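What follows is a set of notes on a single structure, which appears directly below.
For clarity, every value in this text was computed on a predicted model and none was experimentally measured. Indexing begins at 1, ligand by ligand and atom by atom, following the structure's order.
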Amino acid sequence: MSNVVFQRVALIGLGLIASSMFWAMKRGGLAGEVTGFARSEATRATARRIGLCDRICDSAAEAVEDADLVVLCVPVGAMEQVARDIAPSLKPGAIVTDVGSVKRAVIDSVAPHLPGNVHFVPGHPLAGTEHSGPESGFAELFDQRWCLLVPVEGTPDAPVAQLRAFWEGLGSHVDVMDADHHDLVLAVTSHAPHLIAYTMVGVADDLRRVTDSEVIKYSAAGFRDFTRIAASDPTMWRDVFLNNKDATLEILGRFTEELFALQRAIRTGDGDHLHAYFTRTRAIRRGIIQAGQDTDAPDFGRKKAVSG
Ligand SMILES: NC(=O)C1=CN([C@@H]2O[C@H](COP(=O)(O)OP(=O)(O)OC[C@H]3O[C@@H](n4cnc5c(N)ncnc54)[C@H](O)[C@@H]3O)[C@@H](O)[C@H]2O)C=CC1
Ligand SMILES: O=C(O)C(=O)Cc1ccc(O)cc1
C-alpha cells in the first residue's frame with residue numbers, strides 16, 4: 001500500500017528543517033517527487049552533492065511549478081519575499097505551508113501575496129537543534145514531537161487534514177491552534193528561554209577576562225545547555241524576536257518582575273520565598289513528566305505505542 005500523501009512537494013530554503021523533512025519523507029515514502037530551492041548557489045550545490053531532494057531548481061518559481069504541497073522553510077523575515085516570488089507559479093488547488101517559529105507575522109506577510117485558488121495552512125514543528133544548513137538534517141528529527149497547524153480563517157477541512165496526515169507520516173503528533181495563542185505559548189516555552197540563554201552566555205563571555213577559561217572548563221550541565229541553545233542560527237533568532245515582539249516583550253516583562261522578586265529574596269535572606277518558589281517550579285517539571293509530555297523522557301514512545 002502506498003504511503004504517498006502528496007505527489008509533488010517543493011521545499012523552499014534548504015536548511016535543518018527542510019533537509020530533515022526530505023529525509024523523513026523518503027523514510028516514510030510520503031511524496032512522489034520532491035523539488036528544492038535555496039537562495040545561495042553554494043547551498044544548492046551542497047544539496048545536489050548530498051542527494052537532498054529529487055531535483056534542485058535554480059529558482060523558487062520553478063521549484064513550485066506543479067507542486068501539490070509547497071513548504072516555506074526560510075527564516076521568518078524572508079517568508080514574504082518567497083511568497084511574492086512563488087505566487088504566479090503556484091498550481092491551482094496547491095497547499096502552501098511554512099515551518100516558521102512565529103505564526104501571526106508570517107500569516108500577515110505571506111497570505112496577501114497568495115492567489116485565492118491555493119490553500120495556505122501555516123505550520124510549526126516543535127523540533128529542532130542548534131545546527132543549521134542542508135547537511136544538518138536527519139530523518140528522526142520530528143519523531144514523537146508536536147507539529148502545530150495554524151489554518152487561516154475560512155480554510156476548508158480537507159487541506160488541513162491532508163497536511164495533518166503528512167506531518168503524522170513524518171513522525172509527529174499534530175494539534176491545531178490559533179495564531180495569537182501559538183505566538184504567546186511559544187514566547188513562554190521557546191522564544192524567551194532562548195533570549196535568556198543568549199544573555200547568560202553573553203554575561204559569561206563578559207566575565208571571561210576575569211576568569212580566563214574557567215567558565216568553559218567548569219561549566220556544569222545548566223550552562224552547557226545555555227551554550228548549546230546560544231549557538232543557534234543568528235538570522236533565524238533575530239527574525240523570531242523581531243516578528244514575535246509583543247508576546248516576547250509581555251513574557252520578558254513578567255520574567256523580569258519575578259527575577260527582581262527572587263533577587264530581593266536573596267538580598268534580604270528570605271529563604272522561605274526561595275524555597276516556596278523552587279518547590280512550585282519542581283512540581284511543574286514533575287507534572288510534565290507524569291503527563292508524558294516530556295518527549296525526551298524514555299517512556300513517551302512506549303505510551304504512544306500502547307495508545308496507538
Ligand atoms: N532550527 C530550528 O530548530 C527550528 C526552526 N524553525 C523555523 O524553520 C525555518 C527554517 O529554519 P532552519 O531550517 O533551522 O534554518 P537554516 O538556517 O538551517 O536554513 C534556512 C535556509 O533558508 C535559506 N534562505 C534564507 N533566506 C532565503 C530566501 N530569501 N530565499 C530562499 N532561501 C533562503 C538559507 O540559505 C537556508 O538554506 C525558520 O523559519 C525557523 O524559524 C522551526 C522549528 C525549529
Ligand atoms: O534546539 C532546541 O532546544 C530548540 O528549542 C529547537 C527549536 C527551535 C525553534 C523552534 O521554533 C522550535 C524548536
With only distance considered, is [X] within less than 3.5 Å of ligand 1 through an N or O on each side?
{"X": "M236", "value": "no"}
{"X": "M79", "value": "no"}
{"X": "S132", "value": "no"}
{"X": "F37", "value": "no"}

Go through V74 and M79 one step at a time and tell me if the side-chain contact (heavy atoms from CB on, under 4.5 Å) criterion holds.
CA-CA 6 Å; V74 298; M79 296 277 182; 3.9 Å; yes

Among all protein non-hydrogen atoms, which one is nearest to [atom], and what is the separation to 0.1 Å?
{"atom": "atom 15 (O) of ligand 1", "value": "L16 N, 4.4 Å"}
{"atom": "atom 23 (C) of ligand 1", "value": "G13 CA, 4.0 Å"}
{"atom": "atom 6 (N) of ligand 1", "value": "S101 OG, 3.5 Å"}
{"atom": "atom 37 (O) of ligand 1", "value": "L14 N, 3.3 Å"}
{"atom": "atom 3 (O) of ligand 1", "value": "G128 CA, 3.1 Å"}
{"atom": "atom 13 (O) of ligand 1", "value": "I17 N, 2.9 Å"}

At a 4.0 Å threshold, what atoms of ligand 1 neighbour a non-hydrogen atom of [X]?
{"X": "P125", "value": "43 (C)"}
{"X": "T129", "value": "1 (N), 3 (O)"}
{"X": "V76", "value": "39 (O)"}
{"X": "P75", "value": "22 (O), 25 (C), 26 (N), 38 (C), 39 (O)"}
{"X": "G15", "value": "13 (O), 16 (P), 18 (O), 19 (O), 21 (C), 37 (O)"}
{"X": "G100", "value": "39 (O)"}
{"X": "A78", "value": "26 (N), 29 (N)"}

Shared hydrophobic cluster for [X] and [Y] (ILVMFWY, side-chain gaps under 4.5 Å):
{"X": "L90", "Y": "V160", "value": "no"}
{"X": "I56", "Y": "M25", "value": "yes"}
{"X": "V96", "Y": "F166", "value": "no"}

I'd like to know if [X] and [Y] make a salt bridge, using a cut-off of under 4.0 Å between side-chain N and carboxylate O.
{"X": "R254", "Y": "E250", "value": "yes"}
{"X": "K26", "Y": "D54", "value": "yes"}
{"X": "R44", "Y": "D58", "value": "yes"}

Which value, rounded to the nearest 0.5 Å, describes the distance between [X] atom [atom1] and [Y] atom [atom2]?
{"X": "H273", "Y": "L262", "atom1": "NE2", "atom2": "CG", "result": "4.5 Å"}
{"X": "D143", "Y": "R27", "atom1": "CG", "atom2": "CZ", "result": "4.0 Å"}
{"X": "L148", "Y": "L126", "atom1": "CG", "atom2": "CG", "result": "4.5 Å"}

Sub-4.0 Å heavy-atom approach of G133 to ligand 1:
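Yes, G133 has heavy atoms under 4.0 Å from ligand 1.
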
Could you tell me if R145 sits above the aromatic ring of F142, with its cationic atom closer than 6.0 Å to the ring centre and no more than 45 degrees from the axis?
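No cation-pi geometry.
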
Which of parallel (below 30°), tilted (30 to 60°) and perpendicular (above 60°) describes F241 and H191?
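Aromatic pair F241/H191 classed perpendicular.
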
Quick one: which of [options] gives a side-chain contact (heavy atoms from CB on, under 4.5 Å) with [X]?
{"X": "V102", "options": "L186, L242, D183", "value": "D183"}
{"X": "V76", "options": "T235, V99, D239, D98", "value": "D239"}
{"X": "T248", "options": "N244, D246, I251", "value": "N244"}

Compare V240, V74, I12, T235 and give the one whose heavy atom is closest to atom 24 (N) of ligand 1.
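Checking each option, the heavy atom nearest atom 24 (N) of ligand 1 is found in V74.
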
Selected option - heavy-atom contact closest to atom 7 (C) of ligand 1, from L141, T46, V99
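Of the listed residues, V99 has the closest heavy atom.
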
Which atom pair, heavy atoms only, marks the closest approach of D180 to R104?
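Closest pair (atom of D180, atom of R104, distance): OD1-NE, 3.0 Å.
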
When you measure from the side chain of S172 to the backbone N and O of E168, does any donor-acceptor pair fall under 3.5 Å?
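Not confirmed, S172 side chain does not pair with E168 backbone.
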
Do protein heavy atoms approach atom 40 (C) of ligand 1 to less than 4.0 Å?
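So far as the 4.0 Å threshold goes, atom 40 (C) of ligand 1 is in reach of a protein heavy atom.
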
Present, as a list of atom pairs with distances to 0.1 Å, all nitrogen or oxygen contacts under 3.5 Å between ligand 2 and the protein.
residue  : atom   : partner : partner atom : Å
ligand 2 : 1 (O)  : R228    : NH1          : 3.2
ligand 2 : 3 (O)  : R228    : NH2          : 2.8
ligand 2 : 11 (O) : S101    : OG           : 2.7
ligand 2 : 11 (O) : H124    : NE2          : 2.6

Report the part of [X] in contact with ligand 1, treating N, CA, C, O as backbone and CB onward as side chain, heavy atoms under 4.0 Å; options are side chain, backbone, both, neither.
{"X": "C73", "answer": "backbone"}
{"X": "A127", "answer": "backbone"}
{"X": "R39", "answer": "both"}
{"X": "V82", "answer": "side chain"}

Apply side-chain contact (heavy atoms from CB on, under 4.5 Å) to L30 and L170, showing your working.
CA-CA 8 Å; L30 305 180; L170 295 176; 3.6 Å; yes

